[in-house]
Amino acid sequence: MTTADPRGENRPDLQIKIGGPAGFGIKAAGQTLARSFVHAGLNTFDLTEYPSLIKGGHNAYQVRVSPEPEVLCHVMPVDILVALDHETAERHVSELVEGGALIYDPDKTDVEGLIDPEHVCAVPVPLDTIVKEAGGVAIMRNVAALGAVAGLAKFPLHYLTDSLEAQFAKKAPEIAEKNVAVATKGYEFGSKTECAFPFRLSPVEDAPPRLLVDGNEAIGSGALAAGIGVYCAYPMTPASSLLSFMAARDREHGVVVKHTEDEIAAMNMVVGAAFGGARAMCATSGGGFSLMVEAFGLAGVSESAVVVGLLTRAGPATGLPTWTEQSDLRFALHAAQGEFPRVVVAPGDRTQAFELTWKAFNLADQLQTPVVILGDTYLSDNRASIPVWDLEAVTVERGKLVTEGDMVEHPDTLGEDGLYLRYKVTDDGVSVRALPGVTGACQVVNSYEHDEYGYGAQGEVAATRIAQHEKRMRKLDLASSLVPPPVEWGSEDPDVSVLCFGTTVQPLRQAMAWLARDGAKVRAMQVVTLWPFPADAVSAFIGGAKKTMVIEGNYAGQLEGLIREVCLLGVDHRLHRYDGRPFSPEQVHESLKEVL
Amino acid sequence: MTTADPRGENRPDLQIKIGGPAGFGIKAAGQTLARSFVHAGLNTFDLTEYPSLIKGGHNAYQVRVSPEPEVLCHVMPVDILVALDHETAERHVSELVEGGALIYDPDKTDVEGLIDPEHVCAVPVPLDTIVKEAGGVAIMRNVAALGAVAGLAKFPLHYLTDSLEAQFAKKAPEIAEKNVAVATKGYEFGSKTECAFPFRLSPVEDAPPRLLVDGNEAIGSGALAAGIGVYCAYPMTPASSLLSFMAARDREHGVVVKHTEDEIAAMNMVVGAAFGGARAMCATSGGGFSLMVEAFGLAGVSESAVVVGLLTRAGPATGLPTWTEQSDLRFALHAAQGEFPRVVVAPGDRTQAFELTWKAFNLADQLQTPVVILGDTYLSDNRASIPVWDLEAVTVERGKLVTEGDMVEHPDTLGEDGLYLRYKVTDDGVSVRALPGVTGACQVVNSYEHDEYGYGAQGEVAATRIAQHEKRMRKLDLASSLVPPPVEWGSEDPDVSVLCFGTTVQPLRQAMAWLARDGAKVRAMQVVTLWPFPADAVSAFIGGAKKTMVIEGNYAGQLEGLIREVCLLGVDHRLHRYDGRPFSPEQVHESLKEVL
Amino acid sequence: MPTVKDFETPNKPTWCPGCGNFNMFQALRQAYELTSQDFEHLAVVWGIGCHGNGADFTRCQGFHALHGRALPAATGLALSNPELTVVVEMGDGDGYGIGLGHFVHSCRRNIDMTVVAHDNQIYGLTTGQASPTTEHMMKTVSTPTGVLEEPVNTIGLAIAEGATFVARGFAGDVPHMTALFQQAIEHKGFAVVDVFQPCVTWNKLNTFAWFRERVYKVEEESGYDPTDRAGAMALSLTTFHDMACTPEQCKLPIGVLYREEGRPTYQDGLPQLDEPLWKRALAPRDLTEMVRGFM
Amino acid sequence: MPTVKDFETPNKPTWCPGCGNFNMFQALRQAYELTSQDFEHLAVVWGIGCHGNGADFTRCQGFHALHGRALPAATGLALSNPELTVVVEMGDGDGYGIGLGHFVHSCRRNIDMTVVAHDNQIYGLTTGQASPTTEHMMKTVSTPTGVLEEPVNTIGLAIAEGATFVARGFAGDVPHMTALFQQAIEHKGFAVVDVFQPCVTWNKLNTFAWFRERVYKVEEESGYDPTDRAGAMALSLTTFHDMACTPEQCKLPIGVLYREEGRPTYQDGLPQLDEPLWKRALAPRDLTEMVRGFM
Ligand SMILES: Cc1ncc(C[n+]2csc(CCOP(=O)(O)OP(=O)(O)O)c2C)c(N)n1
Ligand SMILES: Cc1ncc(C[n+]2csc(CCOP(=O)(O)OP(=O)(O)O)c2C)c(N)n1
Ligand code: SF4
Ligand code: SF4
Ligand SMILES: [Mg+2]
Ligand SMILES: [Mg+2]
């Protein structure tokens, strides 16, 4: 996908790519770099690519950095390529822009013939030697390279060294010292380069504070903010880091975090914990969700307030474990036998991930039904700098919940016999939920169809079944009034109207920014809540449009199919991707231009 | 649902209902009765209703019998009610038609006040006494009652006694004898009844032979005919009897039948067995399928030829274990992460169940992908008499399969290095599959994305991924040309055009027969293959229709949604049912009349 | 405090007349009375099977879980509220078959919980298929030529994997069962009581009479030491038996087979579980400090 | 017959330098040569984990199954063709964690198959979470305050549940491992070889050096009787150990810990499995007789 660089000539941003063998701390290096940029008031957007191998494969990490108030997405062209080994240079040198720079170790790589010095600035940095001289260890080669990047871009060194110091201060001050020495040496090499490198990164004064987080950190934070009590998971890429995130904070925040024996246990435990009244969540990727399906249905019929993170990767089956895809939308909508209300929300970025997560807990409690947060590898794995979350906005809405006291104080929840009706048929479908411990709250939370008490035998009576089934399904109406609406932006008088869901919003935003700059008129809608589907809003969006397009990261066109099914409306154009890579904004830009 | 009896005045058929406590052999009794009818050249259609309890609940079994060449469906009105206990009489007496008969034990039930002798013929039969006098055991009360039914309907006793003799001859001849004595005595009571009972059942001479089978027997037979080698299952209503069916025939037919530790194992074993070259199948209901989901995706990505029986019941979760529903259609279509080709076929009756099952094995082999047989409790549990299957029509098509020899004889399957390419990219998406044991057939059947050899690491290369993913998905085109088309019948110039899938075809056929008799013009389509969806046929069917309607046994309108999604066409009317009961033909009839 | 009768619901038990579940139900209610349970804090989680129908008959905080998943559901419940007494009733197919993994991992956890297995050596509810504890070579509808597997050694498994109270009861002896249940509930840690529960409808081999001729109480054997782990594991091997074994050949020990006091429970390792966790969700958690770490 | 080198593929192993998997891979190939395997009939099934990457490196009839599901996949394969030699390579998370149920049920079956566990006491591929064999209280990313569970007693479990060949190897001793693999493959029945496989990247406790100080060979102990089931189970308890245990405190037996000859295998109970079952699907089965029974 070699496309022109739509960022244009006078762009303020730089895209830096660091590549090397797996297991060489590439990701950590990229994150350190990003952190020091953000501390300097710049904004960043990272992209990591790695195979499902601990070592031996090839890893790459990109940091796009800009002084502008927001970096919307990663981009494909590379301004500075840091090749920690020869393979990286060979693999990625073609991605360098005209005038870009290659940082490499002259003892490892011969750039002769690899680059044309007319077009690419060669920056030799003897990484090994620097590290050896500083008495450091091999992994510090990264740090030397980071120093060179800073030097090359005239970025004040102290942001980097401060960042390194903060990072290592706790572990061992001598290591911090060595890192600083290595970075400083690398900086020298980077700044004294002979060829002209036109880009420079200056700190932004008085920039508002930024958070540097990936999607899993955002989801985890949202869950913590919501007052989560129990988090259960079995590791699975890209959800694993969310387990580590929660586990690292369990005692401090009073959360029980359980690495379970499998995903079946995780989901069942979460339903059990929800019965106990804890806010409970599990998260996994598609394969683990497959194993959760049965208990997901249990949550539906037992009306359990649970939150499930489904962070998808490229399938089917084990598929491409470390690569992204948006192909589990329909699976999320239809998983489990029988019919029950569910909510599916798909955050597009880290800000939404935080917000939708705490909101998911409210929805689960208000609706007493499972809520799915549908993310993907592209979101989970990559950090960007974002505005500080609005912690004040977080609310805890637990819906019709009785936590203490005696059910006699809630006479409307009792049957004629004075006993508590856990599944009382109500207009909005939601019954008052009394927690274990509340006097008089005997109940059966049931995987069988059941009557209002929760008893299973009576569930077989046709009228009871109908009443309970319809009661549950009625919750979808309530849900429609509670769930986050789609997000629209762009031209008021568009030539093309584009729909997407989830993380595709990021490249789309970037592509649209470029198009708007060039005067093209595009309007976009991100369908935030996938179920219940915002039929009216989507129909209205499509209804008046000149040309319509759906962009989604799968083969079959799942969002498009959903639009067709719910709105009975077709779309004119579509862009799909299913090679494990996220959409690039260049690709989206190109594709929109074709349609325009 | 009290509706008129659309069978009309001079109907030739009789509906007999036997009810009593669970564990009293009600089902066996009904089946015996049906068998003796079929032996007399009559046709039957059974309906069994029972709770998920071994004993203590209430069971009912209906047999509709007719001298006509086919009985299309069960009906609701009852002509003869056999009440083995008082509860049955109370529960079901209102279902009796004008002029119907109640057979009851006068020592157990007082019909005074329960029936109006003007309208219902009371047939007291001292069941207990009969059994005692014959020296029989309690369960023989059923047999006495069957005798009374035969007597009442003037049905020659010997069909019943022959049937009993055949049934018990093996076990113990003395038991057979006692049963015959009891039946004979019951017959006397039935035939000497005082009130007029207008209906009578005469044997049909020279009737063609009939099979008396339920859906699971039909599916099991289809699998056996296809040459199944491995059947794996974990018991789950209504699929359990299929496991017993297969297990009872394993050695005779050379099939390895494994009751596995769970459904996860069942599905994974089947994929393993398919690798070995056996024709392999598993079956379950929705809950078990939930657990199979991950390995179902494994079958997809590894291109394994497996057949999965998904015999649905009313959900969600444990739901209503012994009751029917058609609510897992979308689940079957979207189960498992990622995208891969699958075929879903839904038999409507026992004839189709046999045919579609052996065809499913051919499709699985030809496409090297999983094929789902989507049935339900209504099909699995109930017997009807049907024309003898066309065993001559059965074929074994194993597709591109090499079972023996050396791969050098198949040079087009080898890479440039001379090694076998299990996943060679082909035009139709299907690669030549060589079984273990074939010389030179080294391969990796892989749950990861992979290259043409099957190696996983290369699957991460974007181009390889795209080639393999597109290759797999292309199989859907081939599938479209191979799968069974929809079935259409009815008026050529319809006022209403109705669509359905699966077993709903049975009540629909009956309702349409009644409507046709009364001159109404209805046309129907049974969508036999649900995926790949027959877009053209369905669009054509709907396109020219005056009014359209979908009838399906679920809440959400899943078939309708599919039509909307694939054909971008709406339908005008719909009839849903989700109380665990199958549609009755009366209900369908009524509903169609409203629409007409 | 509630007494035996109080733990009933308006629903009449629907088990087959003579089923071993009736006695277990009786013994359990007695144990609840003896251990002074109250309705609000007695949480019972059932699997799916005939045993699970007890959910309709027991007044408590009930959870009728999925087939095989009673243990993880119960674990989640226990981990959400330290004030509950958590009891699991599971079937043999349920707990030792499809749910076996959870059972072993729960043993390893020594989670404070009582597990009662209704071990009728058959699938009752699905009408008589072989279960993981069905005798070797027994014929059932799913194994018409005989079960080819050895039965699960439930006791050996539980002891080998870390359960700290492992007992076996017999549904024909209510007082003995009651005492076992009581001890199990009072035990701090993962307590398993595997009960021989004759299924009178489907299991025509392992009947009340069959067991009566074979069971003996370990506590009546002089010298049996339930704290000797290797000894208890060795004894567990004696529960393996053939279809044809005579009462002399297969003696079946019942009673407390193994007990270990003082090992920390899973909950002991969770200082954050010092109160019901719903109390953590009364208001948004203050994350100001944590969020600063992301800046 | 193929020799060691022949069992390689064009793909270079990608394990971390120094990983215990290299030695296991070496020993396995040697065992394949020693047991005269041919490519056509040697079927190896892998779970998902670092160990599973062996699927790319081993020339055979390979099946890279789902995480935790190598055993049922292998079982299906074995039940479809009696002419195959079936070997399973599984991880500790894979086989003793998520797949534990299958492991126990496979032991009960005594299915004729060889299972090699790459037991590195950690989740390698998902970057260092606790596994079911991780030491009690060890800190990992998923258990930053320490694992609260006891590790699975893999050996005790296998023996208690019916495996007929149970051995333990150490990835630091290739000849010893090779001999174990060879015996396991030659054993008729369910053969388990659990191998201590240091993960040099994520498990900084159970290193090669750590094991070298602790392992000893049971066959060198005078008087060890691997046919004594209770004795072997008792010995399995000695594999439980603490993080802090000294080489003196935790001696780890390796070698053949239990073996039982002559017990019928699962396949022995299946007379219908007398030829590869694809031969049953060459033409439609004649059902005329059976169908008559429905008339
Ligand atoms: C996932 C799943 N598979 C299968 C079933 C069907 N099922 C219900 S109960 C049962 C077995 C019952 O046996 P057991 O656990 O021993 O309980 P019992 O009836 O003997 O008390 C089965 C297989 C189910 N409910 N869920
Ligand atoms: C259902 C499912 N859950 C989670 C994963 C993610 N996963 C892949 S490997 C692995 C654990 C690996 O540990 P282990 O089995 O010990 O193998 P090792 O890498 O140590 O060889 C996990 C959790 C998966 N592939 N499938
Ligand atoms: S089937 Fe067996 S276990 Fe179930 S209720 Fe009847 S006797 Fe009890
Ligand atoms: S992570 Fe551990 S187990 Fe995996 S390859 Fe590296 S050293 Fe081996
Ligand atoms: Mg049982
Ligand atoms: Mg491991």
Side-chain angles (χ1 to χ4, degrees), chain A residues 51-53 57 264 285-287 289-291 293-294 297-298 300-302 312-323 325 327-328 330-331 333-340 447-449 457 459-460 462-463 465-466 469-470 473 554-556 561-562 564-566 568 570 578-581, chain B residues 51-53 57 264 285-287 289-291 293-294 297-298 300-302 312 314-323 325 327-328 330-331 333-340 446-449 457 459-460 462-463 465-466 469-470 473 554-556 561-562 564-566 568 570 578-581:
Chain A
S52 176
L53 288 173
I264 298 177
S285 191
F289 188 66
S290 281
L291 294 169
V293 163
E294 192 192 12
L298 164 66
V301 75
S302 65
T312 69
R313 61 195 215 187
T318 313
L320 294 163
T322 57
W323 301 89
E325 201 166 90
S327 59
D328 298 354
R330 275 288 187 180
F331 182 32
L333 295 184
H334 303 291
Q337 73 272 21
E339 295 162 303
F340 54 92
S447 76
Y448 280 94
E449 185 58 278
E460 306 204 356
R465 156 65 170 185
I466 293 171
H469 198 39
E470 293 181 348
M473 296 307 278
N554 55 47
Y555 179 98
L562 201 51
R564 291 167 65 96
E565 179 182 358
V566 179
L568 209 62
Y578 41 83
D579 63 351
R581 280 68 181 171
Chain B
S52 178
L53 288 174
I264 298 177
S285 191
F289 188 67
S290 283
L291 294 168
V293 164
E294 191 192 12
L298 164 65
V301 76
S302 66
T312 69
T318 314
L320 293 163
T322 58
W323 301 88
E325 201 165 89
S327 60
D328 297 355
R330 275 288 187 181
F331 181 33
L333 296 185
H334 304 290
Q337 72 273 21
E339 296 163 303
F340 54 91
N446 213 327
S447 76
Y448 280 94
E449 186 58 279
E460 306 203 356
R465 156 64 170 186
I466 292 171
H469 198 38
E470 292 182 349
M473 297 307 278
N554 56 47
Y555 180 97
L562 201 51
R564 291 167 65 96
E565 179 182 359
V566 179
L568 210 62
Y578 41 82
D579 64 351
R581 281 68 180 170

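Reminder, nothing fancy here: chain letters follow the sequence lines and each chain counts from 1. As the structure is a computational prediction, the values presented were derived from the model and not from experiment.
Put simply, of Trp323(B), Tyr578(B), Phe289(B), Phe340(B), the one with the most heavy-atom pairs under 4.5 Å next to chain A is Tyr578(B). Ranked by heavy-atom pairs shorter than 4.5 Å toward chain B, the options Gly286(A), Pro316(A), Gly297(A) are led by Pro316(A). Between chain B and the options Arg313(A), Arg330(A), Glu294(A), the largest number of non-hydrogen pairs under 4.5 Å is found for Arg330(A). With respect to chain B, the highest number of heavy-atom pairs below 4.5 Å among Ser302(A), Gly319(A), Gly561(A) belongs to Gly319(A). Note: Ser447(B) leads Ala463(B), Ser285(B), Ser447(B), Gly300(B) in heavy-atom pairs under 4.5 Å with chain A. With chain B as the partner, the residue from Ala336(A), Gly570(A), Ser327(A) showing the most heavy-atom pairs under 4.5 Å is Ala336(A). Among the candidates Ala457(A), Ala335(A), Gly338(A), the residue making the largest number of heavy-atom pairs closer than 4.5 Å to chain B is Gly338(A).
Taking each heavy atom of Tyr448(B) and Pro321(A) in turn, the nearest pair found is CE2-CG, 3.4 Å. The shortest heavy-atom contact between Ser290(B) and Val293(A) is OG-CG1, 3.2 Å. Taking both residues in full, the closest heavy atoms of Gly315(A) and Arg465(B) are given as O-NH1, 2.7 Å, listed atom of the first, atom of the second, then distance. Pairing each heavy atom of Gly459(A) with each of Leu320(B), the nearest pair is O-CD2, 3.2 Å.
Contact check for Glu460(A) versus Thr322(B): side-chain heavy atoms found under the 4.5 Å cut-off. Between Thr318(B) and Val301(A), every side-chain heavy-atom pair lies at or beyond the 4.5 Å cut-off.
The distance from atom NE2 of His334(B) to atom CG of Asp328(A), rounded to the nearest 0.5 Å, is 12.0 Å.
No donor-acceptor pair closer than 3.5 Å links the side chain of Arg564(A) to the backbone N or O of Arg564(B). In this structure, Glu339(A) contributes its side chain and Ala556(B) its backbone to a donor-acceptor pair below 3.5 Å. Of the possible polar contacts, one joining the Gln337(B) side chain to the Ala317(A) backbone as a donor-acceptor pair under 3.5 Å is found.
Only the side chain of Arg581(B) has a heavy atom closer than 4.5 Å to any heavy atom of chain A. Contacts between Leu333(A) and chain B at a heavy-atom distance below 4.5 Å are absent for every atom of the residue.
Ring pair Tyr555(B)/His469(A) is perpendicular by interplanar angle, where above 60° counts as perpendicular and below 30° as parallel.
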